Amino acid sequence: MRWRDCRLVAFDTETTGLSPFDGDRVIEFGAVELHVGAGGTVRRVVHHQWFINPERPIPRAASKISGITDDDVADAPTFDALAHKMSAVLKGAVLIAHNLGFDLNFMRVEFERAGSFFPATRAEVDTLPLSQRLMPELRSHRLESVCAALGVPLDNAHRASHDAEACGRALVELAKRQGAPDEIEAFIDWADAVSPPPDAGFVKMGSAGVPVFTEGPHIGQTIEAHPDHLQWMIHALARKDGRWIPRFPEPLRVWARRWLRARGAGRGRANPRSQGHTDWCLEPQVWHELAAQP
């Protein structure tokens, strides 16, 4: 299957602050479904946008960035009232976001608060590290800078649906310029995207929509709780026929490397809108070196 024939959904959130685990809330959700033609041109977009009542005042600093005030969300539904609609938009899609970890953390916390889970997806592409890898000449990799370099319009920045559409169009343009492969699995590799674990045993998607260990000391637990064990699985060896060979299958090890890179395990970033070593409680320098290994 070609990646452009999948459901491509770019999304973005606006929030009351930068800390989803310390009480900050989502105040706007925007997603755009992109329909891409054979020539790599976006033929049509479908917008989904909702204001969300965060059930707390919006700090002035947050309003200054997004332009969203308490009056804008006063009569808006709460997240739990909209969770099923947002889940329907995201489920099974190839998700696209700029600095994905930030928005993903907020959405997962909000879904959990609503008594649900972030829906299972086909793949998750972060255009921030992708632009850093493929456009190293840029001094800034903010969404505005990436879009400007690619000739993608970004009107009304820092509003969720506008940022989402610009992010999605930027990925499509970058894929066209860089000659990204057509087939979805090869595209996932090219984009260094997160996808469900391969059918190779040891790890599977759990009922909460996140990968869990199926064997070993952490059986039944999420890999997010034990990224150190996942890293060990990449390097672990076993003795067979008088020689040392990888203990775990190559497809699983490739997937694990990509998952750790994409989730930023152990990599502190200058941008506070990130999922770095402080989220994992891991020593940063060691994990920076390990996660960067090919």
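On a predicted model such as this, the values are computed, not experimentally measured, just so you know. We use all heavy atoms of the structure for the numbers below, so side chains are in, but hydrogens, waters and symmetry mates are not.
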Enquirer: Could you check if a side-chain atom of Val32 sits within less than 4.5 angstrom of a side-chain atom of His48, using non-hydrogen atoms only?
Expert: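 A side-chain contact is absent here, since even the closest heavy-atom pair is not under 4.5 Å.
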Enquirer: Can you list everything that forms a side chain to side chain donor-acceptor pair (under 3.5 Å) with Asp70? Sequence neighbours excluded, please.
Expert: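 Asp70 satisfies side chain to side chain donor-acceptor pair (under 3.5 Å) with no residue once adjacent residues are dropped.
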Enquirer: Indicate yes or no: does Glu112 engage Arg108 in a salt bridge with an N to O separation below 4.0 Å.
Expert: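 Between Arg108 and Glu112 there is no salt bridge, as every charged N stays at least 4.0 Å from the carboxylate O atoms.
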Enquirer: Test your reading of the model: is there a side-chain donor-acceptor pair from Gln49 to the backbone of Ala160, 3.5 Å cut-off?
Expert: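 No, the answer is negative, given that no donor and acceptor are paired below the 3.5 Å cut-off.
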Enquirer: Could you tell me whether a side-chain N or O of Arg7 sits under 3.5 Å from a main-chain N or O of Leu34, the two making a donor and an acceptor?
Expert: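 Not a single qualifying donor-acceptor pair exists.
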Enquirer: Does a sphere of radius 6.0 Å around CZ in Arg60 hold more than 12 heavy atoms from other residues, nucleotides or ligands, not counting ones at 6.0 Å or beyond?
Expert: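 No - once you tally the heavy atoms of other residues, nucleotides and ligands closer than 6.0 Å, there are 12 at most.
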Enquirer: Using side-chain heavy atoms (C-beta onward) and a distance below 4.5 Å, is Arg169 in contact with Leu150?
Expert: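 Side-chain contact under 4.5 Å: no.
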Enquirer: I'd like to know if the side chain of Asp22 reaches the main chain of Ser19, judged simply by a donor and an acceptor atom lying under 3.5 Å from each other, with no hydrogens or angles considered.
Expert: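 Not confirmed, Asp22 side chain does not pair with Ser19 backbone.
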Enquirer: Any chance you could pull the hydrophobic cluster mates of Phe51, using side-chain heavy atoms under 4.5 angstrom and chaining through other members?
Expert: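 Besides Phe51, the hydrophobic cluster comprises Ile27, Ile58, Ile68, Val73, listed by chain and residue number.
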Enquirer: Apart from Leu237 itself, which Ile, Leu, Val, Met, Phe, Trp or Tyr residues share its cluster (side-chain heavy atoms under 4.5 Å, direct or through members)?
Expert: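 In the cluster with Leu237 are Trp244.
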Enquirer: Passes side chain to side chain donor-acceptor pair (under 3.5 Å), Asp24 versus Thr15? Steps please.
Expert: CA-CA 7 Å; Asp24 281 322; Thr15 65; over 6 Å; no
Enquirer: Go through the structure and list residues passing ring pair (Phe, Tyr, Trp, His ring centres under 6.0 Å) with Phe202, not counting sequence neighbours.
Expert: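 By the ring pair (Phe, Tyr, Trp, His ring centres under 6.0 Å) rule, Phe202 matches Phe248.
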Enquirer: Is any NZ, NE, NH1 or NH2 atom of the basic residue among Arg261 and Asp192 found under 4.0 Å from an Asp or Glu carboxylate oxygen of the other?
Expert: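 Result for this pair is yes, salt bridge flagged.
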Enquirer: Between the side chain of Asn53 and the main-chain N/O of Pro77, is any donor-acceptor distance below 3.5 Å?
Expert: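 A pair under 3.5 Å: no.
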Enquirer: Checking Phe106 now: which residues fulfil ring pair (Phe, Tyr, Trp, His ring centres under 6.0 Å) with it, not counting sequence neighbours?
Expert: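 Phe102.
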Enquirer: Quick check against the 3.5 Å criterion: does Ser66 have a side-chain atom that pairs as donor or acceptor with the backbone of Ala62?
Expert: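 Here the side-chain-to-backbone pair exists.
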Enquirer: So Phe111 and Phe118, would you call those rings parallel, tilted or perpendicular, with 30° and 60° as cut-offs?
Expert: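 Taking Phe118 first and then Phe111, their aromatic rings stand perpendicular (interplane angle over 60°).
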Enquirer: Please check: side-chain N/O of Arg56 versus main-chain N/O of Gly23, any donor-acceptor pairing under 3.5 Å?
Expert: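 At least one qualifying donor-acceptor pair exists.
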Enquirer: Within a radius of less than 6.0 Å around CZ of Arg142, do more than 12 heavy atoms belonging to other residues, nucleotides or ligands occur?
Expert: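 Atom CZ in Arg142 is not packed in, count stays at 12 or less.
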Enquirer: Is there a side-chain contact between Leu90 and Met107, using heavy atoms and a 4.5 Å cut-off?
Expert: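 Side-chain contact under 4.5 Å: yes.
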Enquirer: The test is side-chain contact (heavy atoms from CB on, under 4.5 Å); show your working for Thr78 and Glu55 and say whether it passes.
Expert: CA-CA 7 Å; Thr78 56; Glu55 303 176 283; 3.8 Å; yes
Enquirer: Would you say His35 and Val45 make side-chain contact, with heavy atoms under 4.5 Å?
Expert: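 SC-SC contact between His35 and Val45 ruled out.
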Enquirer: With no hydrogens and no angle check, is any side-chain donor or acceptor of Gln178 less than 3.5 Å from a backbone partner on Ala180?
Expert: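 A pair under 3.5 Å: no.
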Enquirer: Could you tell me which residues satisfy salt bridge (charged side-chain N to carboxylate O under 4.0 Å, His left out) with Asp5, sequence neighbours excluded, listed by chain and number?
Expert: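 Residues passing salt bridge (charged side-chain N to carboxylate O under 4.0 Å, His left out) with Asp5: Arg2.
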Enquirer: Check the angle between the aromatic planes of His226 and Phe213 and answer parallel, tilted or perpendicular using the 30° and 60° thresholds.
Expert: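 Because their plane-to-plane angle lies in the 30° to 60° range, the rings of His226 and Phe213 count as tilted.
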Enquirer: Tell me if a side-chain donor or acceptor on Trp50 pairs with a main-chain N or O of Gly30 at a distance below 3.5 Å.
Expert: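 No; judged by distance alone, with no hydrogens or angles, the pair does not exist.
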Enquirer: Might you work through the side-chain contact (heavy atoms from CB on, under 4.5 Å) test for Arg247 and Met233, ending with a clear yes or no?
Expert: CA-CA 8 Å; Arg247 180 174 296 192; Met233 293 173 69; over 6 Å; no
